[in-house]
Student: 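Here's a structure for you.
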Amino acid sequence: MSYTPPVSEIRHLLSTVVGFDQVSATARFAEAGDEMVDAILYEAGRMAADVLAPLNRVGDTHPTRLENGKVRMPPGFIEGYGAIAQGGWVGMAADPEYGGMGLPLTLMTAVNEFIGSACLSMNLIPLMSQGQIEALEHHASDELKALYLPKLISGEWAGTMNLTEPQAGSDVGALRSKAEPLGDGTYAITGQKIYISGGDHDLTENICHLVLARLPDGVEGTKGISLFMVPKLIPDADGTLGVANTLKVVSLEHKLGQAGCPTAVMQYDGAKGWLVGEPHKGMAAMFTMMNNARLGVAMQGVSVAEAATQHALAYALDRKQGQTPKGATAIFDHADVRRMVAGMKADTAAARAIAFECAVSIDMATATGEAAWNARAALLTPIAKAYCTNVGIAVADTGIQVHGGMGYIEETGAAQYLRDVRVAAIYEGTNGIQAMDLVGRKLSDGGDAAFALMDEINAMDHPALRAAVTELRHVTDWLLEQPLNERFAGAVHYLAAFARIIGSWTHLKGARAGGKHAKLAQIYVSRALPEAMAELGKVSLGATDLYALSAEDLAT
């Protein structure tokens, strides 16, 4: 599948919409000036288009396979991953002390979009490593950092996160994996984990598993969970790989999409592990990795939306069918097809902008340590994760519709985008959980962070946008007075409305450049703001009618 990296659009976004100049003006990220940004976007885009895009269909038709206890990747994936690692793209935001580039997360987010658009199955392996790198930087001992970070940053080793168990999905505190002290500072980890992305593969020399387990004195629930580094091959102090650890891949999941990325059931049988962070504080450490991954997953939605839009537009311009006011012409000139393709483009741009607003906030929080930036980043994270992945799914689905009957035929490639991206609304916390987090934890400050963002948006002199923000304020005030379950009943609607309002704001900021950006803003804003108002109207319906229905009422 061909793919053209949207370099100029991201450059426009950074300079006109999300204020990346604030990031490059800090002492922490002073090197990330225009020249470096241009070089990174060009080189990463070229690698994605030339090396990774040809592998997208290969991964779908030649799924990963488990042979004699080892996972084999699709043809060409070793070389494709090698291009990512050798380009320094895995550790570009990591600490230079351990071999990273120390660049802003915002730029890594752009590179991750390119990789995901070109080949989503390839995206998750470096994405997991990036999250693990951040978790180790914040929580690991100096000894673990010195041993693992250089190898993870270089891409020689890869990282995973092990949370879920058959009986413990979103309720992580129900896990049963155990960690027994061995008396020498290490632990024996025993248990089974499921849905482990990149649980095994032949792309790297070693795979480093971050595993949640409970120590003998750990209390029930999340407060008794600890985090452990459990490598596939146990390294010596100098990083030389030694004996195999007592862990294995039980099976690979047969998935709807992303066939080129292995999702494993992992078994740990007294595997040797090292404590990361303090005992019983594992969830705090793991959340560092999960929040990193949530932005990464948001960009998976953007990645697929961009690729599906390019694919649909190319087909619409080539396919001749029917008559339009212009006569016999390509289907692109039918008003309904234009509606679909323009909507795909506008939704993708809004989702990308929301994700980059989040990334810039994280970078500013890192560079300044200011509480306001931390609060803004925390607020935007669940919005970005849920909205961007929902957009990815919707845009990929519309892409099939643009293709008509051919969209339902696998050979065109349109269906793969939808199959690949569908899981993004589920993992790293389902989108319903993201919405519950937004109306729960993220409003626990009395709504201060939400109201501060609304004030930013209100500075835009646009009557319809101001009206939407006014209604958003009223609904937020109502939510703050409700018990949690009443909030949860309308949480998805609240997040959808908030996201469309932010998306409209970012489009209007971009429209100041005129040209196609102004035209696209008109397409999005005229449709998104009425949708936001409708979603806000549903928030206060509450939970009463939902609980009035019994399971018997819903049965056939």
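All heavy atoms count here, side chains included; hydrogens, waters and symmetry mates do not.
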Student: Has Lys193 got a side-chain atom pairing as donor or acceptor with Glu165's backbone, closer than 3.5 angstrom?
Tutor: no

Student: Sequence neighbours excluded, which residues qualify as salt bridge (Lys or Arg N to Asp or Glu O under 4.0 Å) partners of Lys145?
Tutor: none

Student: Go through the structure and list residues passing ring pair (Phe, Tyr, Trp, His ring centres under 6.0 Å) with Phe29, not counting sequence neighbours.
Tutor: none

Student: Count the heavy atoms of every other residue, nucleotide or ligand shown that sit under 6.0 Å from OH of Tyr195, and state whether that count exceeds 12.
Tutor: no

Student: Mind checking whether Gln132 and Met161 have side chains closer than 4.5 Å, heavy atoms only?
Tutor: no

Student: Mind checking the OG1-CG spacing from Thr263 to Leu252? Nearest 0.5 Å is all I need.
Tutor: 8.0 Å

Student: About how many Å separate CG of Leu182 and NZ of Lys272, when rounded to the nearest 0.5 Å?
Tutor: 6.5 Å

Student: Please test Glu67 against Lys70 for salt bridge (Lys or Arg N to Asp or Glu O under 4.0 Å), starting from the C-alpha separation and ending with a verdict.
Tutor: CA-CA 5 Å; Glu67 295 180 349; Lys70 296 182 179 180; over 6 Å; no

Student: Quick one: does Leu212's side chain get under 4.5 Å of Leu175's, heavy atoms only?
Tutor: yes

Student: Between Lys255 and Glu253, does at least one N-O distance fall below 4.0 Å, as a salt bridge requires?
Tutor: no

Student: Distance from Met73 atom CE to Glu79 atom CD, nearest 0.5 Å?
Tutor: 11.5 Å

Student: Taking the side chain from His139 and the backbone from Ala135, do they hold a donor-acceptor pair closer than 3.5 Å?
Tutor: no

Student: My understanding is that only residues two or more places apart in sequence, or in another chain, count here; which of them pass side-chain contact (heavy atoms from CB on, under 4.5 Å) with Glu156?
Tutor: Lys151, Ser154, Glu205

Student: Hey, mind stepping through Thr389 and Asn431 against side-chain hydrogen bond (donor to acceptor under 3.5 Å, both in side chains) and telling me if it holds?
Tutor: CA-CA 8 Å; Thr389 54; Asn431 286 357; 3.0 Å; yes

Student: Apply the test side-chain hydrogen bond (donor to acceptor under 3.5 Å, both in side chains) to residues Asn162 and Thr160: give CA-CA distance (whole Å), side-chain angles for both, the deciding distance (0.1 Å), then the verdict.
Tutor: CA-CA 7 Å; Asn162 287 238; Thr160 73; 2.9 Å; yes

Student: Judged by atom type as modelled, is there a donor-acceptor pair below 3.5 Å linking the side chain of Asp420 to the main-chain atoms of Gln258?
Tutor: yes

Student: Could I get the full list of side-chain contact (heavy atoms from CB on, under 4.5 Å) partners for Ser251, not counting sequence neighbours?
Tutor: Val265

Student: Suppose we screen for ring pair (Phe, Tyr, Trp, His ring centres under 6.0 Å). Which residues come up paired with Phe114, at least two apart in sequence or across chains?
Tutor: none

Student: Once ring-ring contact (aromatic ring centres under 6.0 Å, His included) is applied, what residue pairs with a partner in residues 211-265 remain, sequence neighbours excluded?
Tutor: Tyr187-Phe228

Student: Kindly say whether Thr186 contributes a backbone atom to a donor-acceptor pair with the side chain of Asp184 at under 3.5 angstrom?
Tutor: yes

Student: With a 3.5 Å distance limit and no angle check, can you tell me whether Tyr427 reaches the backbone of Val297 through a side-chain donor-acceptor pair?
Tutor: no

Student: With under 30° as parallel and over 60° as perpendicular, where do the rings of Tyr268 and His209 fit, or are they tilted in between?
Tutor: perpendicular

Student: Counting N and O atoms only, with roles assigned by atom type, does the side chain of Asn245 sit under 3.5 Å from a partner on the main chain of Pro231, one being a donor and the other an acceptor?
Tutor: yes

Student: Using the side-chain contact (heavy atoms from CB on, under 4.5 Å) criterion, which residues pair with Met454? Sequence neighbours excluded.
Tutor: Ala450, Phe451, Val469, Leu472, Arg473, Thr476, Tyr494, Phe498

Student: So, do Leu227 and Leu210 sit near enough that their side-chain heavy atoms are less than 4.5 Å apart?
Tutor: yes

Student: Could you work out, with side-chain contact (heavy atoms from CB on, under 4.5 Å) as the rule, every residue matching Glu278, not counting sequence neighbours?
Tutor: Lys281

Student: Determine whether Val90 and Ile153 make a side-chain contact, defined as any pair of heavy atoms from C-beta on separated by less than 4.5 Å.
Tutor: no

Student: Applying side chain to side chain donor-acceptor pair (under 3.5 Å), which residue pairs with at least one partner in residues 102-120 are found, sequence neighbours left out?
Tutor: Thr106-Asp363, Asn112-Gln130, Glu113-Arg352

Student: How many angstroms lie between CZ in Arg72 and NE2 in His201, if you round to the nearest 0.5 Å?
Tutor: 12.5 Å

Student: Using only atom types and a distance under 3.5 Å, with no angle test, would you say the side chain of Asn206 pairs donor to acceptor with the backbone of Leu233?
Tutor: yes

Student: Per the salt bridge (Lys or Arg N to Asp or Glu O under 4.0 Å) rule, what does the pair list look like for residues 212-237, sequence neighbours excluded?
Tutor: Asp200-Lys232

Student: Under the ring pair (Phe, Tyr, Trp, His ring centres under 6.0 Å) rule, collect the residues that match up with Trp157, sequence neighbours excluded.
Tutor: Tyr148

Student: Please check if the side chain of Thr246 supplies one atom and the backbone of Gly270 the other of a donor-acceptor pair under 3.5 Å.
Tutor: yes

Student: Rounded to the nearest 0.5 Å, how far does CG of Leu103 lie from OG of Ser24?
Tutor: 12.0 Å

Student: Given side chains that start at C-beta, do those of Ser141 and Trp274 come closer than 4.5 Å, heavy atoms only?
Tutor: no

Student: With Leu379, which of Asp445, Leu453, Asp448 fulfils side-chain contact (heavy atoms from CB on, under 4.5 Å)?
Tutor: Leu453

Student: Test: salt bridge (Lys or Arg N to Asp or Glu O under 4.0 Å). Region: residues 31-40. Which pairs qualify, not counting sequence neighbours?
Tutor: Arg11-Asp34, Arg11-Asp38

Student: Quick one: does Leu295's side chain get under 4.5 Å of Leu105's, heavy atoms only?
Tutor: yes

Student: If the test is salt bridge (Lys or Arg N to Asp or Glu O under 4.0 Å), which one of Lys385, Arg487, Lys442, Arg294 qualifies with Asp437?
Tutor: Lys442

Student: Under 3.5 Å, side chain of Gln300 to main-chain N/O of Gly116, donor-acceptor pair present?
Tutor: no

Student: Does Gln22 reach the main-chain N or O of Met364 with its side chain, forming a donor-acceptor pair under 3.5 Å?
Tutor: no

Student: To the closest 0.5 Å, what do you measure between CD1 (Ile194) and CD1 (Ile196)?
Tutor: 8.0 Å

